[in-house]
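Chain A is the first sequence line, chain B the second, and so forth, proteins listed ahead of strands; every chain is numbered from 1.
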Protein chains: 2
Amino acid sequence: MAAKRSGAQSKRSQRTGVSPQAAQESRSEPPLSRERIVATAVELLDAEGVDGLTMRRLADRLGSGAMSLYWHVGNKEEVFDLALDSVLEYRGPQQMAGIQGWRGEVVHMLEDWRASMLRHPWSASLLPRRALGPNILRRLEMLSKTLSRAGVADADLNVAIWSLWNYVMGATITRASFDLSDDEMVAAQHRLTGLSECYPTIERSRLLLDSDWDGAFSKGLDFLLDGLAPGQ
Amino acid sequence: MAAKRSGAQSKRSQRTGVSPQAAQESRSEPPLSRERIVATAVELLDAEGVDGLTMRRLADRLGSGAMSLYWHVGNKEEVFDLALDSVLEYRGPQQMAGIQGWRGEVVHMLEDWRASMLRHPWSASLLPRRALGPNILRRLEMLSKTLSRAGVADADLNVAIWSLWNYVMGATITRASFDLSDDEMVAAQHRLTGLSECYPTIERSRLLLDSDWDGAFSKGLDFLLDGLAPGQ
DNA sequence: GGTTGACTCGTACGTCGTACGATGCGATCA
DNA sequence: TGATCGCATCGTACGACGTACGAGTCAACC
C-alpha cells in the first residue's frame, strides 16, 4: 500500500543502469522516476505558475498516464514539496575566495537564497504553506553555523537566525509577488493616483513603481547585521 | 453582464433600509450582501483554512444557493481578496496617549499589523499571491507618513518602508505557517534529531521548538529602526 | 511454466468553479 | 389594472480536477 516511493525506483535504476536496457532508450520517453517528475514539475511551474500544475498536465509532459505518477509520489502536495525543495538547493559559495569574513559569508548566503527563489517566483508564494525540506534545513544549518562561528552567543542565536530568515523571506515574497504581475502593479499605482487624496505620501514617493528592490534589500540587511553583531 | 457589483446592492440597502421590509426580516436569513459574504468567508477561513473555503460551502453558511453569490462578487478570487483586505483593517492607535514619539508609533503600527494577521493565520499564506487592497495601502500610507514626519529623507523613504514591510511580512508568514501545524513542526524537529549529524547546530539550539517568536520579532525590529534612523 | 513484484494506466467517482437561462418580485408606467 | 423592467436568486449542467481501484505488462526468479 505505502510500499513504494523512492526505494523501489532507485533499486530499479541500479538494476537496469548498465545491463540490457537499450530497449528503454529506444522508446520515445525515458522511464518515469521521482527525479524526472520533480524536474518536469519545476519546468511546468516556471511556465504556467502554481495553478498551472495539475497531475494530468504533468503526466502529459512526461509522456505517461496521470495515475502512473502516483507510484513515485504520494500525492500532489508531495510534488509541490519536492519541487520547492529542489529549487532551494544550495550549492555553497562558488568562489569562496572572493568572500572575506563571516559577514560576507552571511550576505552571500542570503543573497543566493533570495536569488534562488526569485528565479522561480512561484516558490515564494508556495513556501508559506509547506513543510521544511532538507535543502531549507541545510541552509538554516549553514546560517547558524556561520553565525555561531562569528561569535554570536547561543542565547542570541535563534533571534539572529529568525531575524535574518524573516527578513529574507519577506523581501523575497514581496518582490516575487510584485514580479508575478506587472500589470497588477501598474493597476494598483493607477488606482492610487486616482485616489491621491487618500494616499498622498506613497503616491508621491512612487513606492510601487520606482523602488530599488535590490538596494533596499541589501541596505536593510546591513542594518540588521549591524544590530545583530555590533561588535564587528 | 458586468453591471452588478457593489453599486447595485448598496442602492438596494438604501432603498430598503427604512421602508417596508419586515418581510425580509421574518425570513430565516437576512438578504445577501457583499459585506455578509465577506464576513462569512472570514468565518469559514478561520474555521476550515484556505482549502476549506468553497463557493458551495460559503453559500451553505449563508443559507443561499451557490450561484447567488456571483451576483455580489465576480469570482472566488475576489472573495479571497475581499476577505484578506477586510482582516487587515487598521483601526488606528486605540490609545494614542500611551505612545510617545514616532518610533513608538511605528512599532505600534507594525505590531498591530502582525497581530491582525496572526489572528487569521490563513491571511499570511494568502497575501503573497494577492493584490494590494485599500486597507493594506492605507497601512502603507500611514507608515510612510509617520516615517516622513520623523525626518526620513524622501530618498530613503522607500528603502525604509520596504525594509520594515518586508521584515513584518517575513516574520508573520513564518510564524503563521508554523502555527498552522504544530504537528508538522514537531515532525520536522524529530526528523532533525534523527539526522543530528546533518544539522547539529540547529538541532542543538532547538531552533524549531524553543524560539521566542515575539521577542525575536521586536528585537529585530529595533535593530532595523536603529539602522534606518540612526539620528534618534 | 508459474509466480512474484515493480511499474503503468484506463475507468470512474466525488468535488470544484462557474456559464447559462429560468424564475420571482417590487417598482414604474400604460 | 395589467404590462414591463431591473434586481436578485437559484437549479442544472459542463469541463477540469485529485485520486481510489483494479486490471494490465514485463523482467526476474523458482
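- In this entry the distance linking CE of A:M55 with P of C:dC9 reads 14 Å, nearest Å.
- Salt-bridge check for B:R138 with B:D85: failed, with every basic side-chain N at 4.0 Å or more from each acidic carboxylate O.
- Residue A:W71 has its side chain nearest to C:dA6 when only C:dG17, D:dT19, C:dA6 are considered.
- A straight line from CZ of B:R34 to C1' of D:dA8 spans 15 Å, rounded to a whole angstrom.
- Atom-to-atom, CD of B:E77 to C1' of C:dC16 comes out at 14 Å; the value is rounded to the nearest Å.
- What separates CG of B:L69 from C1' of C:dC16 is a distance of 14 Å, to the nearest Å.
- For D:dC17, one of the phosphate oxygens OP1 or OP2 lies less than 4.0 angstrom from a side-chain nitrogen or oxygen of A:T54.
- Nucleotide C:dC16 holds its P atom 14 Å from the CE atom of B:M67, rounded to whole Å.
- Here A:S68 reaches the OP1 or OP2 of C:dC9: one of its side-chain N or O atoms lies under 4.0 Å away.
- Taking 4.0 Å as the cut-off between side-chain N and carboxylate O, B:D112 and B:R139 count as a salt-bridged pair.
- Salt bridge annotation for B:E77-B:R130: present, with a cationic side-chain nitrogen under 4.0 angstrom from a carboxylate oxygen.
- Phosphate proximity of D:dT9 to B:H72: present, with a side-chain N or O under 4.0 Å from OP1 or OP2.
- A straight line from CG of A:L32 to C1' of C:dA6 spans 13 Å, rounded to a whole angstrom.
- One can place CZ of B:R56 at 13 Å from P of C:dA19, the figure rounded to the nearest angstrom.
- Here the C1' atom of nucleotide C:dG17 and the CZ atom of B:R57 are 14 Å apart, to the nearest Å.
- One finds a salt bridge joining A:R129 and B:D51 here, because a Lys/Arg side-chain nitrogen approaches an Asp/Glu carboxylate oxygen to under 4.0 Å.
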